[in-house]
A.B. asks: 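Before I ask anything, let me first share the structure, which is written out below as structure tokens.
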There are 2 protein chains.
Amino acid sequence: MPNIKEVASKAGVSVATVSRVLSNKPNVRPEVRERIQQIIQDLGYRPSRIAGNMRNQSSNVVALMISDIRNPFFTAMARAIEDVANNQDMSIFLCNTDENLEKEQIYLKTLLEERVAGIILSPTRENGTAFEFLIESAIPLVTIDRRITGLDVDSVLSDNVQAAYLLTQHLIQRGYERIGAIIGLKESTTGRERGQGFQLALEDHGLKPDPRFHTYVYPQESEAELIVDEWLQSDERPDAIITGNSRLTIGVLNSIQKRGLVIPQDIALAGFDETPWMRHAASGITVISQPTYEMGKTAADLLFKRIVDPQRPSREVILKGTLIERGSTAAKLKR
Amino acid sequence: MPNIKEVASKAGVSVATVSRVLSNKPNVRPEVRERIQQIIQDLGYRPSRIAGNMRNQSSNVVALMISDIRNPFFTAMARAIEDVANNQDMSIFLCNTDENLEKEQIYLKTLLEERVAGIILSPTRENGTAFEFLIESAIPLVTIDRRITGLDVDSVLSDNVQAAYLLTQHLIQRGYERIGAIIGLKESTTGRERGQGFQLALEDHGLKPDPRFHTYVYPQESEAELIVDEWLQSDERPDAIITGNSRLTIGVLNSIQKRGLVIPQDIALAGFDETPWMRHAASGITVISQPTYEMGKTAADLLFKRIVDPQRPSREVILKGTLIERGSTAAKLKR
DNA sequence: TTGAAAGCGCTAACAA
DNA sequence: TTGTTAGCGCTTTCAA
């Protein structure tokens with residue numbers, strides 16, 4: 001790959017002049033400009049952004065760190081963030097943490113070494129101490145979906161307590177009384193807050209939470225499937241289940257299908273996260289729909305604003321999910 | 001953020017010595033090494049990879065370019081590629097092309113300017129001329145899912161003709177005779193080849209393809225929904241539909257649901273791409289399951305091999321999908 | 001309008 | 001074992 005020096009010598013000018021042409025500076029004689037552009041064409045020359053960024057102490061890369069891109073919740077966000085970044089001629093690094101604090105820490109250090117312009121992070125833990133080095137580095141940071149407590153950073157969240165409350169209350173109002181919950185890890189703010197909303201709704205409606213049926217798991221299909229397999233063997237099995245994301249919902253469906261049970265007659269089901277297939281599974285699955293694309297877009301907007309103005313006061317944007325009622329939570333038949 | 005010079009002066013040594021410590025070179029006195037490490041700690045110093053790469057004319061970034069990360073087919077691949085890259089201490093750029101040739105070209109040029117170490121590309125078009133500049137740049141390239149005709153590059157493909165043939169034949173054997181097909185854009189090799197497999201199966205079994213029911217569309221839900229909306233109004237509507245990916249399958253489901261039809265009694269359905277919810281929609285949806293994670297892993301492996309040895313002969317790996325039969329293609333009831 | 005040269009942060013060849 | 005220095009490819013200041 002040719003460099004700017006080669007272009008300059010071929011054109012019989014200095015590298016400075018070529019650089020001026022590259023960045024469309026006005027003070028270049030038109031015929032010289034044209035000659036240089038022709039040579040750039042012929043050589044297939046592409047200026048190195050790495051070198052330019054190095055010189056200017058800038059970067060056109062931002063990073064997105066999430067637990068797993070295969071969770072549709074994050075997929076939509078990733079897409080939104082890429083859209084915004086692309087508009088700004090920025091590229092994005094995709095990083096999966098698998099809810100693994102160590103992996104997350106290693107990745108964050110790599111990102112610092114890569115001198116990325118900013119990071120959008122869905123943190124595995126809410127404990128701020130693990131992220132202090134990040135703050136000290138002064139790299140623009142936005143957390144998404146989850147919070148880091150005690151850290152003054154921009155974040156985009158959804159109202160998890162309320163959403164879980166809504167979901168649980170909905171089931172209670174439809175006549176369900178033994179509601180199980182399978183929620184993401186308690187170490188994340190989402191997990192903890194959803195657990196709270198669930199508990200609160202039970203208590204407010206005079207139901208006693210049964211700790212056996214309130215679990216926090218690594219949020220993937222197999223985990224939920226295992227748990228529900230066990231629940232369904234119990235004599236006092238739940239008459240309804242809520243889940244913390246669509247992957248957990250799948251796990252529950254798998255288990256219910258295995259046992260040959262029917263939703264909602266045998267057991268009701270409702271969960272977090274709308275996906276295009278929710279209306280087609282069982283008799284349609286009731287969900288909390290979170291504005292995922294919008295969350296991603298908001299986070300990216302916040303990040304780019306902070307990159308431009310690192311001093312601006314930080315902001316916490318909380319978006320609300322909406323309940324979509326479907327057949328999986330039809331009113332319970334009294335026996 | 002401090003630089004190597006600052007570390008050196010604080011430690012009272014030259015930058016060379018610090019550099020030696022950073023890259024674990026042996027020839028540094030242990031006490032000096034320790035002192036330097038301590039200072040690196042205290043300062044929170046992180047060496048700039050940008051600078052290092054610039055000096056060494058290397059890069060630890062590879063790019064993944066696909067049409068849309070929201071297609072689960074690509075999501076799984078992306079995850080696989082990130083896993084492999086992460087093992088090699090490489091980061092990945094995520095680029096969505098939206099099947100848009102222009103967007104793809106712009107992105108590719110950006111990637112050249114970013115001096116990425118390699119590109120994994122699912123090309124929007126199979127016409128090689130649009131990619132000649134890429135080949136000339138000599139940047140390691142692997143195409144995934146789709147081919148670029150006439151270009152000597154590594155690629156990882158699935159056997160689309162056979163898969164579409166299998167799917168169509170399966171429907172025919174179950175007694176369906178008026179089979180519609182909604183497939184991705186014909187400009188991509190996947191679209192064209194799947195169309196071929198479909199046609200071939202019809203012909204081999206003595207059925208006459210009806211051009212009205214054989215369409216190529218932008219592969220997203222709404223497109224399929226619109227088309228099926230129209231088909232279902234026709235007197236001679238298809239008795240079965242095959243789709244080119246899971247997003248199209250959703251579109252078909254939406255349309256069928258709207259009309260209140262039942263699968264497979266009123267109309268059968270089968271499509272490309274297994275997802276966790278296929279067993280739960282309708283009475284389970286028959287699919288061709290493609291080994292997406294493995295395709296991604298294979299592509300990444302090929303790419304890294306080529307980065308190490310640019311001269312190695314190129315290779316085309318073709319993986320086969322498997323048919324998973326479910327209720328959506330139960331034998332047709334004779335009337 | 002143009003060019004020479006410094007310098008971004010690092011590595012490695014060479015010298016001491 | 002350690003230091004000096006050139007140079008990766010660019011941009012920008014300063015001078016001409």
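Chain letters run A, B, ... following the sequence lines, proteins first, then strands; residues in each count from 1. Please read all numbers here as calculations on a predicted model, not as lab measurements.
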A.B. asks: Which part of the nucleic acid does A:N56 contact within heavy-atom distance under 4.0 Å: base, sugar-phosphate only, or nothing?
C.D. replies: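 Contact class for A:N56: sugar-phosphate only.
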A.B. asks: Could you state the atom-to-atom distance from CD of A:E113 to P of C:dT11 in whole Å?
C.D. replies: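 Value for this atom pair: 10 Å.
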A.B. asks: Would you please confirm or rule out a distance under 4.0 Å between OP1 or OP2 of C:dA12 and any side-chain N or O of B:K25?
C.D. replies: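 The answer is yes; a side-chain N or O of B:K25 sits under 4.0 Å from OP1 or OP2.
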A.B. asks: What's the closest nucleotide to the B:R29 side chain, out of C:dT2, C:dC10, D:dT1?
C.D. replies: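 From the listed options, D:dT1 comes nearest.
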A.B. asks: Using atom NZ of B:K5 as one end and atom C1' of C:dA6 as the other, report the distance to the nearest whole Å.
C.D. replies: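 After rounding, the gap between these two atoms is 11 Å.
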A.B. asks: What's the separation between atom CG in B:D89 and atom CD in A:E113, rounded to the nearest 0.5 Å?
C.D. replies: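 Nearest 0.5 Å value for the CG-CD distance: 8.0 Å.
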A.B. asks: Base, sugar-phosphate alone, or nothing: which one does B:S48 contact when heavy atoms must sit under 4.0 Å apart?
C.D. replies: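 Touches sugar-phosphate only.
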A.B. asks: Is it the case that over 12 heavy atoms from other parts of the model lie below 6.0 angstrom from the NZ atom of B:K5?
C.D. replies: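 Open: at most 12 neighbouring heavy atoms sit under 6.0 Å from NZ of B:K5.
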A.B. asks: Can a side chain N or O of B:Q57 be found less than 4.0 Å away from OP1 or OP2 on D:dG7?
C.D. replies: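 B:Q57 to D:dG7 OP1/OP2: no side-chain N or O under 4.0 Å.
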A.B. asks: What is the distance, to the nearest angstrom, from the CG atom on B:N53 to the P atom on C:dC8?
C.D. replies: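 Result: 19 Å.
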A.B. asks: When you measure from the side-chain N and O atoms of B:S19 to the phosphate of C:dT11, is any distance below 4.0 Å, counting only OP1 and OP2?
C.D. replies: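 Yes, such a contact exists.
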A.B. asks: Would you indicate which nucleotide in D:dT12, C:dA12, C:dC10 comes nearest to any side-chain atom of B:P47?
C.D. replies: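 Ranking D:dT12, C:dA12, C:dC10 by closest atom to the B:P47 side chain puts C:dC10 first.
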A.B. asks: So, does A:N3 get its side chain near the phosphate of D:dG9, meaning an N or O under 4.0 Å from OP1 or OP2?
C.D. replies: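 Looking at the OP1 and OP2 atoms of D:dG9, one of them is under 4.0 Å from a side-chain N or O of A:N3.
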A.B. asks: Can B:E187 and B:R125 be counted as an ion pair, charged N to O under 4.0 angstrom?
C.D. replies: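 Salt bridge between B:E187 and B:R125, a charged N being under 4.0 Å from a carboxylate O: no.
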A.B. asks: In whole angstrom, what separates A:L112's CG from C:dG9's P?
C.D. replies: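 Answer to the nearest Å: 15 Å.
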A.B. asks: With the side chain of B:R55 defined as its heavy atoms from C-beta on, choose the nearest nucleotide among D:dC10, D:dA6, C:dG3.
C.D. replies: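 Out of D:dC10, D:dA6, C:dG3, the nucleotide with an atom closest to B:R55's side chain is D:dA6.
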A.B. asks: Atom CG of A:N24 to atom C1' of D:dT11: distance rounded to whole Å?
C.D. replies: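 About 15 Å, once rounded to whole Å.
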A.B. asks: From the set D:dT12, D:dG9, D:dC10, return the single nucleotide nearest to any side-chain atom of B:M54.
C.D. replies: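 So the nucleotide nearest the side chain must be D:dG9.
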A.B. asks: For residues A:P47 and A:L22, report the shortest heavy-atom separation together with the two atoms involved.
C.D. replies: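 The pair with the smallest heavy-atom distance is CB-CD1, 4.0 Å.
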A.B. asks: Name the closest nucleotide to the A:T17 side chain, picking from C:dT2, C:dC10, D:dT2.
C.D. replies: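 Side chain of A:T17 sits closest to C:dT2.
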A.B. asks: Should B:E126 and B:R146 be marked as a salt bridge (Lys or Arg N to Asp or Glu O under 4.0 Å) after you check the CA-CA gap, both sets of side-chain angles, and the distance that decides it?
C.D. replies: CA-CA 8 Å; B:E126 58 176 311; B:R146 300 172 182 174; over 6 Å; no
A.B. asks: Of the nucleotides C:dA5, D:dT2, C:dG3, which has the atom closest to the A:V13 side chain?
C.D. replies: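 Given the options C:dA5, D:dT2, C:dG3, the side chain of A:V13 is closest to C:dG3.
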A.B. asks: Starting at atom CD1 of B:I50, determine the distance to atom C1' of C:dT11, rounded to an integer number of angstrom.
C.D. replies: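 One finds 15 Å between C1' of C:dT11 and CD1 of B:I50, rounded.
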A.B. asks: Quick one: on DNA chain C, does A:P30 or B:L22 contact a more 5' nucleotide (nearest heavy atom)?
C.D. replies: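 Going by which nucleotide is closer to the 5' end, it is A:P30.
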A.B. asks: Determine whether a donor-acceptor pair (one donor, one acceptor, N or O, separation below 3.5 Å) exists between the side chain of A:R20 and the base of C:dG3.
C.D. replies: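 Present.
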A.B. asks: Nearest-Å distance, CZ (B:R33) to P (D:dT1)?
C.D. replies: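 So the two atoms are 9 Å apart, to the nearest Å.
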A.B. asks: Could you check B:R306 against B:D301 for salt bridge (Lys or Arg N to Asp or Glu O under 4.0 Å), going step by step and ending with a plain yes or no?
C.D. replies: CA-CA 9 Å; B:R306 176 153 308 281; B:D301 288 341; over 6 Å; no
A.B. asks: C:dT11, D:dG3, D:dT2: which one has an atom nearest the side-chain heavy atoms of B:I4?
C.D. replies: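 Comparing C:dT11, D:dG3, D:dT2 against the side chain of B:I4, the answer is C:dT11.
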A.B. asks: How long is the line joining CD1 of B:I40 and P of C:dC10, in whole Å?
C.D. replies: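 Whole-Å distance recorded here is 10 Å.
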A.B. asks: If you assign A:P2 and B:A16 each to the DNA chain D nucleotide with the nearest heavy atom, which residue ends up on the more 5' nucleotide?
C.D. replies: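 Between the two, 5'-proximity favours B:A16.
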